[in-house]
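Presented below is the structure to which this report refers.
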Amino acid sequence: MAPVTRSHLSVLRGFVALAAAVLYFSGAAAEARLLLTLDDFGAVGDGVANDTQAFLDAWTAACGSQEQAVLAVPAAKAYRIWPLQLTGPCKKKLKLLIAGTIVAPASPDEWAGRGWMKWLYIYGVDNLSVSGGGTIDGAGQEWWARSCKRKKTQPCNTVSPPRAVHFEECRGVSVQGVTLQNGQHFHLSFTRCTDVKANFLRVVAPADSPNTDGIHLNDTSRVEIMDNLISVGDDCVSMVGNCSDIRVSDISCGPGHGISIGSLGKNRTTDRVENVRVETCLLTNTTNGVRIKSW
């Protein structure tokens with residue numbers, strides 16, 4: 001048998017590398033993804049121009065794609081988005097990669113004639129992943145200034161401001177690794193959703209910003225809220241109305257109002273919240289710890 005020489009080993013290494021590359025690209029082909037950015041659809045990203053239609057057009061293309069799509073908000077740019085509804089169902093799993101900043105209009109007057117209760121509203125979308133290390137900025141300062149909770153003279157605003165990012169009727173949602181700041185009202189909320197992950201988030205607003213809950217759940221089940229830093233003007237985490245199988249773990253909370261279940265039972269209604277586990281949380285400068293509120 002001929003001895004194995006260095007040239008043989010070099011050829012062998014090259015063959016192994018080629019085989020690995022073939023396997024890699026074969027796998028990539030089997031999991032083909034479509035990459036879209038807001039800029040592809042005419043977004044400006046200067047923090048001033050209205051990029052709402054570009055976002056909606058990009059979403060429509062990504063959601064309707066026959067391939068798994070990644071919709072990217074590019075880094076180092078700010079996209080000013082007016083109230084927006086992103087609807088499903090989508091044809092494939094979809095990833096929203098927020099590397100830059102999404103910012104709301106500063107004035108509540110911009111909501112005239114629009115959905116008053118919503119800013120970024122996601123409805124009926126399954127298997128959506130949101131990540132990317134970027135920022136979602138609700139620009140809520142003027143909303144807080146007009147609130148009757150802060151403004152003690154008339155006229156003041158008694159209407160509930162819009163929720164910053166609100167998911168409704170969604171399944172398999174993951175929101176991870178982004179910053180949510182200065183929400184007009186709740187920063188991140190879920191209504192009638194299942195199988196939710198809200199992890200590795202930074203949620204921040206001034207301690208005196210009214211009703212700026214960090215993460216809010218309503219009629220939602222199988223939820224994991226872990227490894228988050230939440231510093232807001234209301235509850236760090238709150239849940240109402242028929243929530244179940246909730247795990248809250250490794251949260252740094254404060255300032256804020258703590259972690260709350262309720263309020264429950266308003267107008268003699270029956271609400272059921274069960275199987276809630278809160279563990280390994282650090283609460284600092286909060287008005288409460290973990291509490292249950294009822295009418």
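Note: hydrogens, waters and symmetry copies are ignored here, and every other heavy atom, side chains too, is used.
In this structure, the side chain of Thr135 does not engage the main chain of Thr101 through any donor-acceptor pair within 3.5 Å. Judged purely by atom type and a 3.5 angstrom limit, Trp119 has no side-chain atom pairing as donor or acceptor with the backbone of Pro105.
Taking a cutoff of 4.0 Å between a charged side-chain nitrogen and a carboxylate oxygen, Asp219 and Arg192 do not qualify as a salt bridge. The pair Asp195-Arg222 meets the salt-bridge criterion, with a side-chain N (NZ, NE, NH1 or NH2) lying under 4.0 Å from an Asp/Glu carboxylate O. The pair Lys149-Asp234 fails the salt-bridge criterion, with no side-chain N (NZ, NE, NH1 or NH2) lying under 4.0 Å from an Asp/Glu carboxylate O.
Residues Glu67 and Ser65 have side chains that never bring a donor and an acceptor to within less than 3.5 angstrom of each other. A donor and an acceptor atom, one from each side chain of Thr52 and Asn50, are located under 3.5 Å apart. Between the side chains of Thr37 and Asp40, at least one donor N or O lies within less than 3.5 Å of an accepting N or O.
The sulfur atoms (SG) of Cys236 and Cys253 lie less than 2.5 Å from each other. The SG atoms of Cys90 and Cys63 sit under 2.5 Å apart.
Phe167 pairs with exactly one of Val196, Leu188, Leu86 by the side-chain contact (heavy atoms from CB on, under 4.5 Å) rule, that one being Leu188. Only one option out of Asp227, Asn228, Asn199, Leu282 pairs with Asp250 in a side-chain contact (heavy atoms from CB on, under 4.5 Å); it is Asp227.
If you take NZ on Lys95 and CZ on Arg33, they are separated by 6.0 Å, rounding to the nearest 0.5 Å.
Within 6.0 Å of NZ on Lys197 lie no more than 12 heavy atoms contributed by other residues, nucleotides or ligands. The environment of CZ in Arg202 is sparse: at most 12 heavy-atom neighbours from other residues, nucleotides or ligands sit within 6.0 Å.
Aromatic ring orientation, Trp111 versus Trp143: perpendicular (interplanar angle above 60°, classes split at 30° and 60°).
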